[in-house]
Amino acid sequence: MTALHLLPNNATALERALSESLDRTPYFGPYIDTIAGLKYGPVIQASFSPWVIAEYGLGPISEYFLDDGMLIAAGIRWQRVRGTPLGVAMALSWIGYPAPFVEDQNDGRRKWNRYQVGMGSVPVSELPVLRDAEYLVGLSDPARSVFIRGWHGYDVRTLEWGDGMWGDSLWGDDSGIRLNGGSVKWSHGEDLVGGVVADGAHRAGLGVDFALGDELEWGDFPWDAPGISWEGITDVAAFKAFLLRRMPLYVGFYDAGGAAIGYRRPIAVRDMTAFHDAAPDRVFLEVEARTDFADAEGVACASVALVFRAGNADADKPGKLWLAPNEIEFEDGVEAADMTIGAVAADFTFRRTVRQHVTITMEI
């Protein structure tokens, strides 16, 4: 650093002597020159890095990095794109979301500044990951924007009927649920697929252990049901599928000790026999169920099974979708063990923001 004496041309000799004698540039100059380029070096000294962090405003994100060097390297890049979708994606990458994408709201809506984020994965543990995601996105997005929803695996959107004002033209709402104290809605889904095989005891217990040509007694079925005539059973598979699809059915969830966690009514029971190379008397039924947000929150599930001929013990609520173990009641004369078919292995924990989608194919 070169000294600059800010004296007028008519300065006296005394004034020049005083300026030169009081000038500390020769002493402090080298240090000042060193400081000026210190933060641009390949390695920033540990004693100096807190000042660089404060200068660049990186304190709010410091807890997401192991050391100051990593914080400064990533934080400077983030500050340059802060307020853009790239800034949001960069911040989410620090907590394990490698490929999120930002989706702006329909610009025709009144609250056009809202946006959603496709997260790209479902967190194994919701806390603190989702709270961190909400916090980091709030630091990274434009000041005029509002982060309203993150999703992966289960994404049901508001029905947009039109641009008119009738009912605001929005029916329903986007899927999801908020964490306690949070403002962002989260909508996650996971899939579990498996198969079970019913044995002779199960067929007998369910009342579908038939053979071709068997004569029928009076029962709880119409005489125009498929696969039967006045002479007896003409199509075992068709009649068996008809009866099974009419039975009360739940998907049961169990912990590692075999104790029931809860039971969920299926959303669909389909006859898939035509898609399998099945024997004439065999039926393949596909049972599909989806738990709701916050069902059995925090409980670990080790297996799922099909549970027949059961219903809600509270007769005033026959359509309740999720039943706790103390809410289910089996039909007279049947036991829970006899009506529980199969055990599909599972390994997940019920979480507040995750809906478990279970599809079980039963051969019977």
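All figures in this text were calculated on a predicted structure; none of them were measured in a lab. Residue numbers count from 1 along this sequence.
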query: Cationic tip of Arg355 within the cone over Phe293's six-membered ring, i.e. under 6.0 Å and within 45° of the normal?
result: yes
State, without any angle test, whether Glu288 and His357 hold a side-chain donor-acceptor pair at a distance under 3.5 Å. yes
Between Ser175 and Arg157, is there a side-chain donor-acceptor contact under 3.5 Å, judged purely by atom types and distance? no
In short, Pro123 meets Leu130 closest at the heavy-atom pair CG-CD2, 3.9 Å
*Are the side chain of Ser145 and the backbone N or O of Asp141 linked by a donor-acceptor pair below 3.5 Å?*
no
| Can we say Glu126 and Arg351 salt-bridge, meaning some charged N sits less than 4.0 Å from an Asp/Glu carboxylate O? | no
| message | Could you go through Asp295 and Arg264, starting from their C-alpha distance and side-chain angles, then the distance that decides it, and tell me whether this counts as salt bridge (charged side-chain N to carboxylate O under 4.0 Å, His left out)? | response | CA-CA 10 Å; Asp295 280 348; Arg264 183 73 182 186; 3.3 Å; yes
* Asked: Does any donor atom in the side chain of Thr359 or Glu286 lie under 3.5 Å from an acceptor atom in the other side chain?
  -> no
Do we see a donor-acceptor contact under 3.5 Å between the side chains of Ser121 and His152?
no
Which of Leu323, Leu306, Val287 passes side chain to side chain contact (heavy atoms under 4.5 Å, CB included) with Tyr250? Answer is Leu323
In Val117, Val137, Val88, the residue satisfying side chain to side chain contact (heavy atoms under 4.5 Å, CB included) with Pro100 is Val117
### NZ/NE/NH1/NH2 to OD/OE distance under 4.0 Å, Lys185 and Asp173
yes
_Side chains of Thr158 and Asp174 only: does a donor on one sit below 3.5 Å from an acceptor on the other?_
yes
### Polar contact flag, side-chain donor to acceptor under 3.5 angstrom, Gln116-Glu103
no
On a heavy-atom basis, the closest approach of Val354 and Val122 is CG2-CG1, 3.8 Å
Rounding to 0.5 Å, atoms CZ (Phe308) and CG (Leu206) come to a distance of 6.0 Å
Can Trp322 and Thr291 be said to form a side-chain hydrogen bond (donor to acceptor under 3.5 Å, both in side chains), step by step?
-> CA-CA 8 Å; Trp322 175 265; Thr291 64; over 6 Å; no
Requested in this report: Taking the six-membered ring for Trp and the full ring for Phe, Tyr or His, determine whether the centres of Tyr263 and Phe253 are under 6.0 Å apart.
Outcome: no
